[in-house]
Structure formats: structure tokens, C-alpha cells
Colleague: 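A single structure is presented below for examination.
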Amino acid sequence: MRNKAVSLLILVVSASLVQAQRETAWDEQFRAIPDAAAIGRYMQRLSARPHHVGSPYARDNAHWLLARFKEWGWDARIEQYDVLFPTPKERLLEMTAPTRFKATLEEPVVAVDPTSNQRAEQLPTYNVYSIDGDVTAPVVYVNYGRPEDYEELDTAGVSVKGAIVLARYGGSFRGTKPKIAAEHGAVGCLIYSDPRDDGFFAERVFPDGPMRNKDGVQRGSVLDLPVSSGDPLTPGIASIPGAQRLALRDAPTLTKIPTLPISYGDAQPLLAAMGGRMAPVAWRGALPVTYHLGPGPTQVHLKVAFNWDIKPLYNVVARIQGSAFPDEWIIRGNHHDAWVNGAADPVSGLAPLLEEARAIGQLVTRGWRPKRTLVYAAWDGEEPGLIGSTEWVEHHDAELREKAVLYINSDGNSRGFLQASGSHTLEHVVNEVAKAVTDPETKGSVWKRWQARVIASASGDRRAEARARPDLRIGALGSGSDYTPFLQHHGVASLNLSFGGFDDDGIYHSIYDDFYHFSKFSDPGFLYGRALAQFAGSLTVRLAEADLLPFEFGNLADTTQTYVRELQALLRQRQDDVRERNRQISDGVLAAINDPKEPRPIPALDEVPPALNFAPLENAATALTRAAERYKTATARVSSDSAVLRQVNAKLIQSERQFIDEAGLPRRPWYRHLLYAPGFYTGYGVKTIPGVREAIEEKRYAEAEREAARAAAAVDREAALVNAAAQILEQAGTK
Ligand SMILES: [Zn+2]
């Protein structure tokens, strides 16, 4: 009897050892398969012709992707959604005073670039989801068009009321530029690419170099993404047949004013003719003109009109059913639609994803069966507003709530360092995988090179930390790619992965983002495409295999503590700034430095922000820290009892959902994550604990306190879940 029990124990122990070895083995086997040359071939095929939403080649690509998944043993299909996708009917921009000039609004063919001549299939340069409009008005230059730029204009006594603003690209999501301009009373918005940001000031221009040339234009969406992503006519619900669609005039995420992107070739005559006060030094670009603010005497006539069509989206979704936990989904995605040929955006991320799918198919032929279900997706309609992924998430709402373990996104890739952002419960596993993947150039680990970069670029505490903290920090996610519906609408733990950092380019969303440019300037040989496939695929294999899901709460608790301290510092800084400015107003400092020749208005005294009660947040963060420590201790003697592990995993899968509050954020209920959101006025840039942070920034102090209580409740929910997971393990351990 006793002997039997002992041998049974030995059997269990050695079985779990074998199990652990097998996990490593599959993981390692996986990494040996991805092939850089194959990634190059996929890119050449997928970017051979323009493939924007609704185009023939987007459909062709979707079917080609479908065939590849099937060929490699995946159960794949196309899930279609019909969504609003306007294209230009008329675009006109002319200067009417002080001289006349008509903008070309064209990107010319470049002889050495073999796909730049596909004129018939290229979308014209435009900003999708601008409203129709026909306006004539004086121009005001607004720098990047961010809230702080309008504060600067205020101090200079310049108003944009009734004007057409000329904003430069950069500094914020483009869709916030017409939004903020309209809030300030502007009637139109032009967005141009200044050569200082992505043109000749940065490097040689295409085709001699990678940067944007005189006529290059950045297309792109001006959807009010910080309010909601997805089809503007079906916010919060899937665009399936029979769905209740809003009337166009009621769609809340379209712009309020007509908007058009232009090249610096078209912007230069407008800027050169401007008068008024000089633009602040930091606002001046690299064009050979004197940058003035206006308004006028430059006056322009802007006319845009669109075909407001409904177009089909083709999401390609492929699955391999999990052998042990088919109802636990590991989801991996990258979009397939582009603005034009889109070799960098999105194919440099999509081609590695495809190579992962081929490698996983090979593992399956060698006998691997993932324990959890793998869902690989090539999304359509990302460019206009994360539409394919959002509609899919809204469509599969109930299933995702229950089954989604995590979502791994990519969207473009190039040569350089690992760039990982996402849920801090996944910070540890990202570090682990980074130690296992080899950097193609240094031949050391991806992690070592990542660490070196943080040490070299950070300062003070952060530098010391990068040398000593076991895990390097990952950033928080704002928006700008398909993780948004998963993470911020649904509470699915998410990651966004890429390599990059060496080669700036200036072809984003232009006809020159193509195979010729990418293979010459971005990742020749596709070695970092291979590294991305190895990284994201290893992560997928590990998560599919793990007996206990590798979520870590110490990293999350530490990050939450940091956010709470940042909020306290933000409030203190605001209080100090207002006190100092009020003092300078009262004691005459501002009056004394004013130039009577060009006087600036003296602002009124401002109210000093009140003290806020951060105690609930501090207490919740402390509770989460304690729960995380308890969980870590409990996992040190992890049970091999599959029923116990199943219970713990069920908790872990729900861990990100604890940050979801069904009521959503103030003024944008679609965004429901109380820890991470894209900024209401930054668009892509993240705001952490957004309810509180934005209320302080926008001087709504009563709201800040209410939001602090709501965020604290979410952190408390998370602490309770982590304690419950720890308790299950503790009880199993004492059995
Ligand atoms: Zn993209």
C-alpha cells in the first residue's frame, strides 16, 4: 500500500517534470521554424497592389490569407461586417488671398519605385470621416493643435474662431486636431507634414532616403477614436445585417469641421504668406519661411465632399481547437488593410503573424496539440478606426467575456529593440520570453539589448532600476491599433509588440509605403520580421501550454502604486503652477515683461486646485500589493492537481475584467477600463487612471474625487480576485 503510494507520487513528480520539459521543447522547436525569406515573400505578395477597405485587392488578400491558414491546418473562415467607409468625391484647396495658389493634392510617381505608379487603384490623399464642407476663411497656424497649443495661442491673444486652422502632423493623434479646433470655433482644418518632423530635416527624402518628400501626404482617420472605435454608425454593437444604424448626421465620431491632409509642398505657400505674431520658437518647422501665427492675411478656400458608402470588411479568423481547455482562447491579431500598398503598415507585422501560423501548423504535424484554443486573426478596416477588430469584439461579446485569456497585437515592425506595451499582469512573461529570443544583430538575447537601451536612455531612478529590477517595465496602452476593443472596451489582458528604434521613415500612410521602400530602408532581409514571429509565437505557445497561466500581480501592483503617486504629483504641480502664475499677475511681473509694441493680454487670476482625497486609491493599491505577495508565495508550491489549476486559471482569466466598470469613463461610456485609456485630447497617447488624471488636467475636481473612488473600487476588486486565487492554491497545498 505504502510502496504503491510512494511510487505513485514519484510518477506524478516525474510526469510534471516531463511536462515542463515538453513545454520548453515545443517552445524551442517553434522558434527554430520561422523563416525570414518566407516573411519577405508574404510581404511582396500582400503589398503588391493597394489594398484599402473595400478595394479589390483587400478582398483578394483576405482570400489568399484564408487559403494559407487552411493549407497549414487551421480551421479558418472570413467574418464579414458592412461598415461606413467614405471616399473622396471632391477635394479642393486654394489660397484666395493675399495671392492665389491651388494645392496639387497629389503624390507623384517615383520612377525607381515600381508600385508608386498604380494610380488607378490608389486612394486619393484625404482624412476619412471628415464631414463634407465648403468654407473660405483666414488661416491660423496652431502647431500640433493640442490643448496646450491653444493655451499658448490664448496667451498670445490669437483666436481661431471663424478661421481654418493649419496644424502640423505629430504630437497627437490626427483626429484630435479637428476635434480641438472645432471646440475652439474653427470652421476647417488642414493637417500638413512639416519636414522638421518626418522630412528632410530628419534624413534624406524618398527615393534617396527614407523620409517624406515634398509631395508626400499622410492619409489617415480623423474619427473621434477616444470616444469609441469601430463603425461610426453602430457604436457599441456589431455591424451585422439588421443592426440598428445611426443616421449619418447623428454619428458622434465624425468630425465637426471639414478636414484635409496636405504635403509640405502644398503647405509652404500658405505658411509663407502668413502674417501676425511670430510663432514661438518651438513651433517653427524646417521650411524656409518665417513661421507666423496669423490670422491671415493667408485666406483659403477648402472644399471636401465624400461618397458616404457602406463597404464590406473581411476579417480572416483562424482557429486550432485546444485539447484540454478549448474554452480558453489565446488570441493573436494584426490588421491586413492598408491606406495604399502598406508594406510597413500593416504587412511588416502581418507577415510575421502568418509565419507564426505556418510554424504552429508544423508543430501540429509533429504531434503538438495546444491545450488552449488558438485564435489567429487578420483584421480588416483597422486604418479607418480599428473597425474589423471592434465589430468582431462587439459581435462575440458574451463569448469573449468568458473565454478570452489574452490578446497579442502587432501592427508594423522594423529593425531594432523590442517595444512591448500592455497589461502589467503580463509584464513578467514578456520579460521571460525576451530572454529566450535571440536578437538578430547582437546575437545576444532580445532582453539584453532592451535592457541596454533603457540603461542608456533613462536617467536617475529609472536607470538604476533597469540595472536592478528583475523585469524591465512595459508601457501602458493608449490607442492606435486593434488592442483597443479587447483591452479598453472588454477587459481582455492585451499586449502590443514590435521591434524598432533605428530607422526613422517618412512614408507613413503614403503611396511610398511599399515593398521597395521597406526592403531598402526598414528591415532588409526581414531578420526582425523573423524575431517578431519568434517572440509573439513563443508567447502564444507558452500561454497555450501553461498549466498555471503566467499572470503576475506584483508587477501590476507596483505599476498601480506608481500611477497613484503620479496623480498626487500632478495635482501638486498644478497647484504650484497656478499659485506662481497668480503671484506673477498680482505683483506685476507679467505686466512688467509685456512688450507694449506687441502686448499680450494679462490673464485673470485662476483658482488654486483643491486638495483631493487619494486615501481610497492608496489603500486599494496597498491591498493589491499584499494580495500579489500572497499569491506569489502560494504559487511557490504550485499544485499539480488539474482541478485546482483549472479553478485558479479561471480567476486569472477574469483578472483584467476587474478593471472594467460597465458605466465607462465620463463622457465616453464605450471606454470601460479604469486603469488604461487613450487620452480624450491625445488620442493615441495613454492616460493611466484616466478618470482621475483627465479630471485634474481639465479642472473638474469634484469629478476627480468621484473617479478616484471608482478607480479604488476597481483596484479593490482586483485585490479580492488575487486573494481568492491565492486561497485556492493555499487550500490545495494544505490538503
Ligand atoms: Zn497599422
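Indexing begins at 1, ligand by ligand and atom by atom, following the structure's order. These numbers were taken from a predicted model, which means no experiment stands behind them.
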Colleague: Under the 6.0 Å and 45° cation-pi test, does Arg168 pair with Tyr144?
Modeller: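 Yes - Arg168 lies over the ring of Tyr144, closer than 6.0 Å to its centre and within 45° of its axis.
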Colleague: Ring of Trp670, cation from Arg668 - is the NZ or CZ under 6.0 Å from the centre and inside 45° of the axis?
Modeller: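 So Arg668 doesn't make the cation-pi contact.
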Colleague: Which protein N, O or S atoms lie under 2.8 Å from the Zn ion (ligand 1)?
Modeller: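 Atoms qualifying: His335 NE2, Asp345 OD1, Asp411 OD1, Asp411 OD2.
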Colleague: Phe173 ring centre to Lys179 NZ or CZ under 6.0 Å, with the angle to the axis within 45°?
Modeller: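 Pair Lys179/Phe173 does not count as cation-pi.
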Colleague: Has the side chain of Arg91 got a donor or acceptor atom that lies under 3.5 Å from a matching backbone atom of Leu105?
Modeller: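 Answer holds: yes.
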Colleague: Using the ring-ring contact (aromatic ring centres under 6.0 Å, His included) criterion, which residues pair with His517? Sequence neighbours excluded.
Modeller: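 For His517 the ring-ring contact (aromatic ring centres under 6.0 Å, His included) partners, ignoring immediate neighbours, are Phe206, Phe521.
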Colleague: Without swapping roles, check the side chain of Asp523 against the backbone of Tyr528 for a donor-acceptor pair under 3.5 Å.
Modeller: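 Pair found, side chain donor or acceptor close to backbone of Tyr528.
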